[in-house]
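This structure is in C-alpha cells; I'll ask about it shortly.
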Protein chains: 2
Amino acid sequence: MAGITILDVARAAGVSTSTVSNLLNGRTGRMLPETRERVESTIRDLGYRPNRAARQLRTGKPQVIGLVVPSVGNPYWGALARYLEAAALTEGYHVLLCNSERDPARERQYVDELVSDGIRGIVLCSSLPSLEHVSGLIEDGLRLVAFDRTAQADDPVGLVNVSVDNTIGAELMGEHLVSLGHRRIAFVSGAIRSVNRTERFAGFLRALERAGIARPDVVTWPGSSSADGTFGDVEAAELGRVAATELLTGPNPPSAIFAVNDMTAIGVCRAVRDAGMEVGREVSVAGFDDIVLAELYSPRLTTVRQPMKEMAAAAFRALHAPADGQPTSQATSLLFRPELVVRDSTAAPVA
Amino acid sequence: MAGITILDVARAAGVSTSTVSNLLNGRTGRMLPETRERVESTIRDLGYRPNRAARQLRTGKPQVIGLVVPSVGNPYWGALARYLEAAALTEGYHVLLCNSERDPARERQYVDELVSDGIRGIVLCSSLPSLEHVSGLIEDGLRLVAFDRTAQADDPVGLVNVSVDNTIGAELMGEHLVSLGHRRIAFVSGAIRSVNRTERFAGFLRALERAGIARPDVVTWPGSSSADGTFGDVEAAELGRVAATELLTGPNPPSAIFAVNDMTAIGVCRAVRDAGMEVGREVSVAGFDDIVLAELYSPRLTTVRQPMKEMAAAAFRALHAPADGQPTSQATSLLFRPELVVRDSTAAPVA
DNA sequence: CGACTCCGGTGTAACGATGCACCGACCATA
DNA sequence: TATGGTCGGTGCATCGTTACACCGGAGTCG
C-alpha cells in the first residue's frame with residue numbers, strides 16, 4: 001500500500017531528496033554514476049513509486065490525458081479508447097474516460113472540468129463542426145487533439161487534427177464499386193453536415209465522375225439527433241435500414257449502396273435481406289471504418305479501414321510532444337492512409 | 001483555466017480557508033446560515049473549483065475509480081465502461097481506464113499501480129478464477145468490485161461481486177429452446193474454466209434435465225489463450241464457427257445451438273450459413289449478454305440480457321458506499337436478474 | 001461567581017515532490 | 001595567491017487543501 005516516499009529513499013540511499021528527485025526527472029548529469037546507481041537500486045529495493053498527486057500539485061501537470069468520446073459503448077470509439085490507452089501506457093500516462101453522449105453541453109463541460117483538474121492534454125471526439133469554444137483553452141496551454149476530424153478554416157491555432165483521409169478512402173471505395181461493374185450506386189448517410197461525412201461524399205463523387213458516371217442517387221436522413229439514451233449505433237443502423245428500403249423499393253434501384261459508416265451499412269444489409277435479396281449478390285453493400293463487427297458480420301463487410309492503432313498512437317504523441325516548439329504553431333492535420341478492405345458484401349452486379 | 005484557490009474564496013467572502021473547507025466538506029453545522037450563503041455565492045461568482053491534486057495529496061483519496069477490463073474494444077466491456085462512467089459522474093467521480101488485454105500479469109500490475117496512485121476503488125473484470133492476490137490490498141482498505149463474476153469460496157473478505165445470475169439466465173434459455181420443441185441441443189463454449197461459463201453450463205443442463213432431455217452434446221474448445229494483439233472477440237467468434245462446423249457436419253447434428261456468449265453465437269451463425277443452412281430455420285442459435293450487436297446482427301440474435309446499466313450503477317455504489325459499516329464485512333455477491341430476449345435466431349425445429 | 005459547555009469560527013502544520021538558489025571542494029588560469 | 005568555473009550535490013519554500021487544535025464570547029448551572 002505504498003506509503004513509501006522520496007524521503008525514505010533519500011535516507012536509505014544516504015542522499016538528499018533533491019538528488020532522488022533529480023534522478024527521477026532525468027537530471028542525471030548532476031551526480032556521480034556511482035551515486036546514481038545506488039539511488040536507483042534503493043528505489044527498486046524499496047519498491048518506491050512517486051506519488052502522482054504530490055507531483056501534480058507541484059508541477060501542475062498530471063500524468064493523465066482526457067479522452068472525450070460520444071460513447072465507448074460504440075465499438076469504433078471503444079477501439080480508439082483501447083489503443084489510446086495502450087499508447088499512453090508506454091509513457092506512464094493514464095486515460096480518463098468521458099462519454100459526451102453526443103451532448104454538446106456535456107462535451108464542453110467535460111473539457112472545462114478536465115482542464116480545471118489540471119489536465120493538459122485531451123483527445124476530443126467532437127460532434128460539433130466548430131471547435132472555436134476551446135480556442136481560449138488552447139491559448140492557455142491546453143494540448144487538444146481533435147480525432148476523426150480534419151482541419152477547418154476557422155480552427156483554433158494550436159489544434160491538432162487526427163483523421164483518416166476520408167476523401168481518398170471514399171474514392172477508393174467508389175473505384176472498387178465501379179471496377180466491379182456497378183453503374184448505379186447510392187450513397188447513404190445521415191445529414192451531410194459533419195466534416196467527415198462531407199469528405200466521404202466528395203471522395204465518392206470524385207471516383208464516379210472520373211469513371212464518367214452520372215451523379216448517383218443520394219439518400220440522406222435528417223437523423224433524429226442526440227442523446228436519447230440509446231447507443232446512437234442502433235440509430236445509425238436504423239437510418240441505413242430505412243434509407244435502403246426506400247431506395248430498393250423505389251424506381252430504378254441501385255445495384256450497390258455505399259454507406260457512410262459500418263453501422264449504417266449493417267442497417268442497409270438488413271433492409272436488403274428484408275427485401276428478399278442477398279447482400280453480395282443482388283445488391284452490393286459497402287461501409288466505412290472497419291469496426292470489429294465488419295469482419296464478424298454476415299456477410300463479411302467490404303469497407304475502408306482506418307489504421308486505428310497508428311492514429312491513436314499519433315494522437316497521444318501530439319499531446320505528449322514536448323512544448324519546446326513554438327507554442328503557437330500552425331494548426332495541423334495528421335491524415336492517415338485509408339485501406340480498402342474487400343470482403344463478401346460486394347461483388348459484380350448480377351444483371 | 002482556474003488558478004483560483006480556496007484562499008481567494010476565503011478572502012473574497014471575508015472568512016478563513018477553514019470555513020470554506022468546512023463548507024466544501026459538508027460540515028455546514030459549524031457556521032451561521034448567513035455565513036454559509038455568503039461563501040456559497042462567492043464560490044459561484046468566482047467559479048471556484050477545488051484542486052483535485054491538492055485534495056488528494058491531503059486526504060489520500062482521489063475522486064477517481066479504476067476500471068480494469070480485458071479490452072474496451074469489446075462492445076460488452078465498452079458498454080460497462082460507458083455506464084460505469086455515467087454512474088461515477090453523478091457523484092463527481094472520474095474513471096481511469098485500463099485494458100488488461102487478458103494478460104494476468106498486466107492485470108495485476110494495473111491494480112498495483114492504481115493502488116499506489118492512491119486510488120481506493122477499482123472495478124476489476126478479471127480473467128483469473130482466483131482473486132486471492134488482491135486480498136492484501138482489500139485488507140489495506142481497497143474497495144474492490146469483481147464484475148461479471150460470482151462469489152467463490154476462497155474469495156477475499158470484503159470483495160464485492162457484481163454479476164448477472166448466469167445460472168438462471170442459461171436456464172431461461174434452455175427452457176426457451178425446449179419449449180420451441182428442440183430436443184437435441186448443443187452448448188458451445190471455450191474451456192469451461194471461468195466462473196460464469198461454469199454457471200451458464202450448469203443452468204442450461206438444469207433446464208434440460210427438468211425437461212427430461214438427455215445430456216446434450218457439449219462442444220468446448222481449448223481457446224487459444226491470451227494477448228495476441230487481436231480483440232479476443234474475433235477469437236470467440238472463431239471458436240463458435242469452428243465448433244459449430246464440427247457439430248453440424250458430424251453425425252446426429254443438433255437442431256439448436258446455445259453459445260456461451262453473443263460473440264461466440266455470431267461465429268456459430270456464420271458456420272450455419274457456411275453449411276448452407278439458415279439460422280432461425282434449420283438451426284436455432286442463441287447467445288448470452290445481449291451486446292449491441294445482438295440486435296443489429298442478421299438474423300437478430302435471441303439472447304439473455306444482462307441489465308448493464310443497473311449493474312454498472314451497483315458496482316459504483318459498492319465502491320463509493322461510505323466505509324462506516326464494519327470494515328471487514330462478509331464477501332458479498334450482487335446478482336442481477338437476467339432477461340430472456342427472443343429475437344429471430346431461434347424458432348421451432350423444422351422436422 | 002466560578003466552572004462548564006456550546007457555538008462559530010480561525011491558525012497552521014502537514015501531505016510528497018519539485019527545482020531554484022545555494023555551497024564547498026577542487027582545478028585551471030593569470 | 002586571488003579569481004573564476006565546473007562538479008556533485010543539498011536546503012528549503014512552495015503547490016492547494018484538509019482537519020486537528022485552539023480560541024473568545026455567550027449562555028447555563030449550582
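As the structure is a computational prediction, the values presented were derived from the model and not from experiment. A note on names: the letters A, B, ... follow the listed sequences, proteins ahead of strands, and every chain is numbered from 1.
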| request: Find out whether B:T19 and B:S16 are in side-chain contact, i.e. whether some heavy atom of one side chain is under 4.5 Å from a heavy atom of the other. | output: yes

| For A:H94 and B:E113, what are the C-alpha separation, side-chain angles and deciding distance, and is it a side-chain hydrogen bond (donor to acceptor under 3.5 Å, both in side chains)? | CA-CA 10 Å; A:H94 282 160; B:E113 205 172 314; 3.0 Å; yes

| field | Side-chain touch A:N22/A:T28, heavy atoms, less than 4.5 angstrom | value | no

| said: So, does B:N25 get its side chain near the phosphate of D:dT18, meaning an N or O under 4.0 Å from OP1 or OP2? | reply: yes

| task | Mind checking which stems touch DNA chain D? I mean at least 3 consecutive Watson-Crick or G-U pairs, both distances under 3.5 Å. | result | C:1-30 with D:1-30

| message | Tell me whether the side-chain N or O atoms of A:R58 pair up with the base of D:dT14 as donor and acceptor below 3.5 Å, since no angle test is needed here. | response | yes

| Boundaries of the DNA chain C segment in contact with chain B, non-hydrogen, under 4.0 Å | C:dG8 to C:dG16

| query | So, do A:R102 and A:V69 sit near enough that their side-chain heavy atoms are less than 4.5 Å apart? | reply | no

| note | side chain to side chain contact (heavy atoms under 4.5 Å, CB included) filter on A:A87, not counting sequence neighbours, yields A:A313, A:F316

| task | Could you check how far CG of B:N51 sits from C1' of D:dT17, rounded to whole Å? | result | 8 Å

| query | Under 4.5 Å between any side-chain heavy atoms of B:V64 and B:Y93, yes or no? | reply | no

Polar-atom pairs under 3.5 Å, protein N or O versus N or O of nucleotides 4-8 of chain D: list them with distances, or write none.
none

Would you list the atom pairs, donor with acceptor, under 3.5 Å between side chains in residues 129-139 of chain B and any protein atom, with sequence neighbours excluded?
from: B:S130; atom 1: OG; to: B:E132; atom 2: N; distance (Å): 3.2
from: B:S130; atom 1: OG; to: B:E132; atom 2: OE1; distance (Å): 3.4
from: B:S135; atom 1: OG; to: B:E132; atom 2: O; distance (Å): 3.0

| query | Does any residue of residues 13-22 of chain A have a heavy atom under 4.0 Å from DNA chain D, and if so, which ones, in number order? | reply | A:V15, A:S16, A:T17, A:S18, A:T19, A:N22

| task | Could you tell me the separation between the CD1 atom of B:I4 and the C1' atom of D:dG16, rounded to a whole number of Å? | result | 12 Å

| query | With side chains defined as the heavy atoms from C-beta onward, is the minimum distance between B:R120 and B:R143 less than 4.5 Å? | reply | no

| query | Within a radius of less than 6.0 Å around CZ of B:R30, do more than 12 heavy atoms belonging to other residues, nucleotides or ligands occur? | reply | no

| request: Round to a whole Å and report the spacing from CD of B:Q56 to C1' of D:dC15. | output: 14 Å

| message | Just the rounded figure in Å: distance from P of D:dG11 to CD1 of A:I6. | response | 14 Å

| Side-chain heavy atoms of B:N161 within contact of B:T332, under 4.5 Å | no

